[in-house]
Amino acid sequence: QVQLVESGGGLVQAGGSLRLSCAASGRTLISYIMEWFRQPPGKEREFVAAINWSGAPIRYTDSAKGRFTISRDNVKNTLYLQMNSLKPEDTAVYYCAARLRSPRGISVTASDMDYWGKGTLVTVSS
């Protein structure tokens with residue numbers, strides 16, 4: 001079992017930055033592909049970014065490219081998402097997810113994830 005706890009969400013003005021963290025316990029993250037998803041109000045959960053167990057490859061959704069940076073520290077068992085140039089449409093609950101390493105590699109499908117955190121709310125005001 002892996003327990004994931006997100007932190008770092010909050011209220012920020014458009015153009016601002018936030019850094020989300022996801023602390024894992026139970027097992028070392030080195031066995032897992034780590035991903036961020038988000039769920040905007042009234043919408044379905046969507047893929048944001050993913051990072052392989054070794055730190056590469058990395059994948060982003062188009063709206064996150066150039067603004068968000070995913071990283072991981074396998075020693076600290078922590079996943080990060082640095083979010084810059086935030087927009088009101090980035091408002092969502094952000095979830096950390098873990099997927100056991102697979103030959104298929106990174107997946108953008110929420111149903112492929114093995115573990116989820118409870119989420120942290122990011123609100124971007126205009």
Side-chain angles (χ1 to χ4, degrees):
Q1 285 285 346
V2 174
Q3 293 78 43
L4 303 172
V5 179
E6 302 93 338
S7 62
L11 174 63
V12 64
Q13 288 188 332
S17 298
L18 282 174
R19 188 193 195 203
L20 305 184
S21 298
C22 172
S25 60
R27 289 186 179 178
T28 177
L29 286 185
I30 200 169
S31 300
Y32 295 87
I33 298 169
M34 299 301 298
E35 310 207 10
W36 287 100
F37 285 75
R38 67 185 181 187
Q39 187 162 12
K43 297 184 179 180
E44 293 186 353
R45 197 169 298 190
E46 61 187 25
F47 170 79
V48 176
I51 184 167
N52 200 12
W53 69 274
S54 62
I58 289 174
R59 185 170 177 178
Y60 296 99
T61 191
D62 287 345
S63 63
K65 289 177 183 176
R67 300 189 300 126
F68 294 3
T69 302
I70 188 172
S71 61
R72 64 190 294 166
D73 187 327
N74 288 337
V75 174
K76 294 183 178 179
N77 247 20
T78 303
L79 175 72
Y80 304 99
L81 185 68
Q82 177 68 43
M83 304 187 296
N84 299 327
S85 302
L86 283 162
K87 305 174 182 180
E89 51 263 43
D90 294 318
T91 294
V93 177
Y94 283 72
Y95 296 92
C96 169
R99 177 166 176 260
L100 195 62
R101 278 194 279 172
S102 163
R104 291 173 47 206
I106 288 173
S107 171
V108 301
T109 304
S111 60
D112 285 341
M113 302 301 111
D114 295 305
Y115 300 100
W116 290 93
K118 293 185 178 181
T120 184
L121 177 62
V122 172
T123 304
V124 184
S125 63
S126 56

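Throughout, residue positions are numbered sequentially from 1 according to the sequence presented.
Judged purely by atom type and a 3.5 angstrom limit, Y94 has no side-chain atom pairing as donor or acceptor with the backbone of G8. Put simply, the side chain of N77 gets close to the backbone of L29: a donor and an acceptor are under 3.5 Å apart. Distance alone, capped at 3.5 Å, is enough to place a donor-acceptor pair between the T91 side chain and the V124 backbone.
W53 and V2 are not part of a single hydrophobic cluster, where members link through side-chain heavy atoms under 4.5 Å apart. Put simply, Y95 and Y80 are part of two different groups of oily side chains (I, L, V, M, F, W, Y) that touch within less than 4.5 Å, one to the next. One hydrophobic cluster, built from ILVMFWY side chains closer than 4.5 Å, cannot hold both W36 and V108; they sit in different ones. Two different hydrophobic clusters hold V122 and F37 under the rule that ILVMFWY side chains link at heavy-atom gaps under 4.5 Å. Hydrophobic clustering (ILVMFWY, side-chain heavy atoms < 4.5 Å, transitive): L18 and V48 are in one cluster.
A salt bridge between K65 and D62 is present, with a side-chain N of the basic residue lying under 4.0 Å from a carboxylate O of the acidic one.
Among all heavy-atom pairs drawn from P40 and E46, the shortest one is CG-OE2, 4.1 Å. Residues L4 and A24 approach most closely at CD2-CB, 3.7 Å, considering heavy atoms. Counting all heavy atoms, side chain and backbone alike, S17 lies closest to N84 at OG-OD1, 2.9 Å. Residue I33 comes nearest to R72 through the heavy atom pair CA-NH1, 4.2 Å, listed as atom of the first residue, atom of the second, then distance. Shown here for A98 and M34, the closest heavy-atom pair between the two residues is CB-SD, 3.6 Å. Residue R67 comes nearest to S63 through the heavy atom pair NH2-O, 2.8 Å, listed as atom of the first residue, atom of the second, then distance.
Two residues are said to be in side-chain contact when any heavy atoms from C-beta on lie closer than 4.5 Å; T109 and F47 fail this criterion.
To the nearest 0.5 Å, the span separating CG on N52 from CZ on R101 amounts to 8.0 Å. Between atom SG of residue C96 and atom CD of residue E35 there is a gap of 9.5 Å, rounded to the nearest 0.5 Å. In this structure, CD1 in I106 is found 12.5 Å from CG in D112, a value given to the nearest 0.5 Å. For the atom pair CD1 of I51 and CD1 of I58, the computed distance is 4.0 Å after rounding to the nearest 0.5 Å. Interatomic distance, S71 OG to L79 CG, rounded to the nearest 0.5 Å: 7.0 Å.
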Please determine whether side-chain contact (heavy atoms from CB on, under 4.5 Å) holds for the pair L100 and S31, giving the CA-CA distance in whole Å, both sets of side-chain angles, and the decisive distance to 0.1 Å. CA-CA 6 Å; L100 195 62; S31 300; 4.3 Å; yes
With side-chain contact (heavy atoms from CB on, under 4.5 Å) as the criterion, how do R45 and M113 come out once you've worked through the C-alpha distance, each side chain's angles and the decisive distance to 0.1 Å? CA-CA 12 Å; R45 197 169 298 190; M113 302 301 111; over 6 Å; no
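Atom CZ of R99 has more than 12 heavy atoms from other residues, nucleotides or ligands within 6.0 Å.
When each of E6, R38, Q82, M83 is checked for a side-chain contact (heavy atoms from CB on, under 4.5 Å) with L20, only M83 meets the rule.
Relative to the ring axis of Y32, R27 does not place its NZ or CZ within 45° and under 6.0 Å from the centre.
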